[in-house]
Structures are given as C-alpha cells and as structure tokens.
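These notes concern the structure reproduced below.
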Amino acid sequence: MRYLPFFMLLGMPLFALTLDEAVHTALEKNPNINLVRSDTLKQKQLLKQSQALRFGKLDALASYTHYNLPRTLKPLVPPIESSVPSTQNLCSVGVTYTVALFTGFEEQSDIEIAELSTVIANSTLSITSQQLVYNVKSLYLKILASQALLQAQLSYLKAVNELHKNIVLEVELEKKAKLDALKSAAAIEESKLQIIKIRSNLKILRASLSELMGVENLEELEQVSIEQVALNSSLNVYEKSIEGLERYRSVALNEKRAQKAQDKVRALYYPQVMFNSYYGQNFGAGFDENLWQAGVTANWTLFDFGKRSAQMQSAEIIQMQAKLHSSKMKFLMKKEFIQAVSNVESEQQNIKSNQAQVALLNETQRIEQVRYDNGAVELNDLLLAKAKYLLTQSRLIETEFRYQDALFYLEYLRESETL
C-alpha cells in the first residue's frame, strides 16, 4: 500500500518537479551517461570496421617520375624488339586490390571481439543508466527528507519561541524565575543552529542533484508517497535472477571476449596468405601501355624468440582474471541482495516503532506543557519532552525516506527500472 508521510500535511507547491521528470531529465542530459552512450556508437563503428576488413581494400595509385636515363613503359619480355617505347618522364595510374585469404582466423576473432565489445557497451549503458536513476532517486529523497526535517525544526523553533515569550512575560510578572527564560533562550539558539546546518546541507544536496540532472537551476520538488510492499525474502528468488542481470552479464561477456582475444593470439602460429592484384597504365613520350598482375603470397613465422609464447600466456592470464571476476561478481550480487532485502524489512519495522513513539511523545509533551503551566514541573522537563518529540519526529522522517531509498536500491539491484 501507499501512504503520505505525516509531514506532507504541511502543504505542497502547486507546480513542482516530479521524481519521474527528474529521472527523465538526468537520462537525457547527464554528461556521464551521454559519454557512455557515445561509446556504444563508437563500438558499433569499430564492429563495421572489423567486418569490412574481410573484403580487403581497393586503392587507386598515380605517380610521376623523372629518370636520368630512359625507361621502358612496360617490362621487357621475349621476344625483345628494338622499337620498345621509352621515356625519362614516366607517368602511371592504376588500381590495386588486396585481400587476406587466410590469417589463422585472426580476422574472424577480431569480428567476434568487436561484436562482444558492442554488446558489452550496450550492457554498460544499461548498467550506468540504472545507477544514474537510483542516484537521482536517492538524492531526490534526501532533499525531501531534509526539507521535512527543516519544517519539523522550524515548528519546534516556533513552539519554543512562543514558550519563551510566555516565560518572559511571567518573569516580568514574577511568576517564573529568570533562569527559565535563559534556558528557553538557549533552546532557541540551539534550534537556530540546527536550522542553519539543515539549510546548508540542503544547498549541497540540491547542487548534487542539479549536477546529475545536467541542469543549472533545480525547481522545487514534488513530494513522493511512501510505498509499503511485501517482499519475498527467499534468497533463491534473487539468486536465480542474477545471471540474467546486466551487471553479471557484462562480466560474463568480458570472459568470452578474453577467450576470443586468446584465439586471436593463437592465429599468430598459422601462415598468413594474401592475394594481391594490380591493373594500370604507364604513359610517356606519347605512348601508353596497359599493365596488370595478380599473385598470392604466404608468410609463416617459424621462430620469434618467444614473443608469441609470451603473448599467449598473457592472454591466458587475462582470461583467468575475467573468469575470477565473473565468480566474484556473482558472490557480490548475492550479498547485495541479502543486504538490500534485510534493509527494507528493517526499515519497515523502524517506521512502525517510530510512529508509535511519535504518538506517545506528542501526548507526553502536551501533558508536560499542562503540568509546567500549573507549576508542577520544571522548565527542563518541558523542554526535554519537546526535544524528545522533535528527535523522534525527525527519526521517523528519516526512517520513512530510508525505507523508500532501500526500495529504490533493491529496484536498482534487480534492474527493474524501465529505461
């Protein structure tokens, strides 16, 4: 079920920034999320680049050369004739086409690595977006909590001010001791100090939220309702979902990418076979000759003094690290789910306890006020009752928002936010 915290009865602005609007603005304008978003675009282009390499490349060539001795426009081939055209100023234009016929599957490994990198980039964008959404929601709640604490402290200050005025009047009428006026004045100054601290903290929180949202000025925030939910505290429910979550999937994909990187290094042990072709024309002395050629070359490294072996061992270590990181992530996420569920359940109980205490202490301070007015108790007793009520009231405010924050954190862990 949902309910509004008691302090919301103090009133809400007619036009205010909603939580959904804050989240939407942050996802659109936050600089960090846009940097991650640009990385996904970059990875897509790198994938296209890797895929294009399979088809080789076509180059256009042009040259002009002046020789000190005449050169023939084409190579001399039998039968050699005496009327072969030659020139000292040789021009040539043509095209070449080069493509790898076999690279030990290195190109295929490059493509698969690029494909995995693209998926990882998209996964990172999703993870970063989920983190941003939670951070915005958390800051939003902290601002609301601080505003509510400020209102509570202002109400307390107003009550103590009224009390102080009455005491000063009664001191003048010699019904109360001057010491009571000094005590109430000290309580006023303490309350003012707390208000200054809360307002200072509010400025910092609002500046932090503005930064996350990528905006210069932050509007007034709309209040949120606190949602009481029934949780399934069975760990198995969350354990089964871990491997399907982007945080774990991203780490698992890194492990696969490390395997493909190892395959790429293994390709160095195979021969490299290339196809080369050329077609063009040579010009000079008013003559031109067509030339073309095609051929296949193979290169096979037989010995490199341990370079490939060291590269292979490095790739194996990287893959082992990726595998360990994947296992570590699963244990970490399991622990985070346990903590998150426990925090939600704990804050639920704290809300009930604090609500009961607020009701009791409100009645207590009312009784102490009557007793003080009748001279049955000292001022310290009345101020203590009011201070206890304020303390518990503030604790309830903080607990309500901590509870909602714990729910938001659990949603973040479950990646349940629709982006």
For [X] versus [Y], what's the shortest heavy-atom pair and its separation?
X	Y	value
Ile397	Ala152	CD1-CB, 4.2 Å
Leu218	Leu17	CD1-CD2, 3.9 Å
Ser129	Ile33	OG-CD1, 3.3 Å
Thr392	Asn354	CG2-O, 4.0 Å
Ala322	Val251	O-CG1, 4.5 Å
Ala114	Leu46	CB-O, 4.3 Å

Any salt bridge linking [X] with [Y]? Criterion: basic side-chain nitrogen under 4.0 Å from a carboxylate oxygen.
X	Y	answer
Glu107	Arg54	no
Lys352	Glu347	no
Lys330	Glu243	yes
Arg206	Glu211	no
Asp39	Lys42	yes
Glu368	Lys386	no

Is there a side-chain contact between [X] and [Y] (heavy atoms, below 4.5 Å)?
X	Y	result
Gln281	Leu73	no
Tyr372	Asp180	yes
Tyr134	Glu411	no
Leu209	Val215	no
Asn282	Leu291	yes
Leu47	Glu115	yes
Leu150	Leu202	yes
Gln339	Lys334	no

Report yes or no: do [X] and [Y] form a side-chain donor-acceptor pair below 3.5 Å?
X	Y	result
Gln108	Glu112	yes
Asn135	Gln131	no
Ser117	Arg257	yes
Asn350	Thr399	no
Glu216	Ser210	no
Ser353	Gln357	yes

Atom pair CD1/OG of Ile113 and Ser50 - distance to nearest 0.5 Å: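 Going from CD1 on Ile113 over to OG on Ser50, the span is 8.5 Å.
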Non-neighbouring partners of Ser123 that pass side chain to side chain contact (heavy atoms under 4.5 Å, CB included), sequence neighbours left out: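 Ser123 satisfies side chain to side chain contact (heavy atoms under 4.5 Å, CB included) with Ile127, Glu246, Ser250 only.
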If you look only at distance, which donor and acceptor atoms sit under 3.5 Å apart when one is on a side chain in residues 273-280 and the other is two or more places apart or in another chain?
from, atom 1, to, atom 2, distance (Å)
Asn276, OD1, Thr98, OG1, 3.4
Ser277, OG, Tyr97, O, 3.3

Side chain to side chain donor-acceptor pair (under 3.5 Å) between Glu345 and Gln349, intermediate numbers included: CA-CA 7 Å; Glu345 293 174 340; Gln349 295 302 317; over 6 Å; no
Other residues, nucleotides, ligands: >12 heavy atoms within 6.0 Å of Lys183 NZ: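 Yes, enclosed.
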Chi angles and distances behind the side chain to side chain donor-acceptor pair (under 3.5 Å) call for Ser394, Glu398: CA-CA 6 Å; Ser394 301; Glu398 291 174 336; over 6 Å; no
Lys323 and Glu255: CA distance, side-chain angles, deciding distance, salt bridge (charged side-chain N to carboxylate O under 4.0 Å, His left out) verdict: CA-CA 6 Å; Lys323 188 174 183 179; Glu255 185 180 345; 5.3 Å; no
Within the 6.0 Å centroid threshold, strictly below: Tyr403 and Phe401: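 Here the rings of Phe401 and Tyr403 have centres that are no less than 6.0 Å from each other.
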Parallel, tilted or perpendicular: rings of Tyr270 and Phe102 (30°, 60°):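 If you compare the ring of Phe102 with that of Tyr270, the planes turn out perpendicular.
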Trace of the side chain to side chain contact (heavy atoms under 4.5 Å, CB included) decision for Tyr269 with Ser309: CA-CA 10 Å; Tyr269 288 93; Ser309 177; 4.1 Å; yes
Side chain to side chain contact (heavy atoms under 4.5 Å, CB included) between Arg266 and Arg308, worked out: CA-CA 8 Å; Arg266 191 175 289 110; Arg308 289 174 295 181; over 6 Å; no
Full working for side chain to side chain contact (heavy atoms under 4.5 Å, CB included) between Leu268 and Thr301: CA-CA 8 Å; Leu268 297 175; Thr301 302; over 6 Å; no
Gln130 and Glu415: CA distance, side-chain angles, deciding distance, side chain to side chain donor-acceptor pair (under 3.5 Å) verdict: CA-CA 7 Å; Gln130 294 283 350; Glu415 299 177 4; 5.7 Å; no
Full working for side chain to side chain donor-acceptor pair (under 3.5 Å) between Asn34 and Arg37: CA-CA 5 Å; Asn34 284 321; Arg37 194 172 283 124; 2.6 Å; yes
Stepwise side chain to side chain contact (heavy atoms under 4.5 Å, CB included) test for Thr128 and Asn32: CA-CA 9 Å; Thr128 307; Asn32 289 332; 5.6 Å; no
Glu417/Lys137 under salt bridge (charged side-chain N to carboxylate O under 4.0 Å, His left out): CA gap, chis, key distance, verdict: CA-CA 11 Å; Glu417 185 69 34; Lys137 287 182 175 181; 2.9 Å; yes
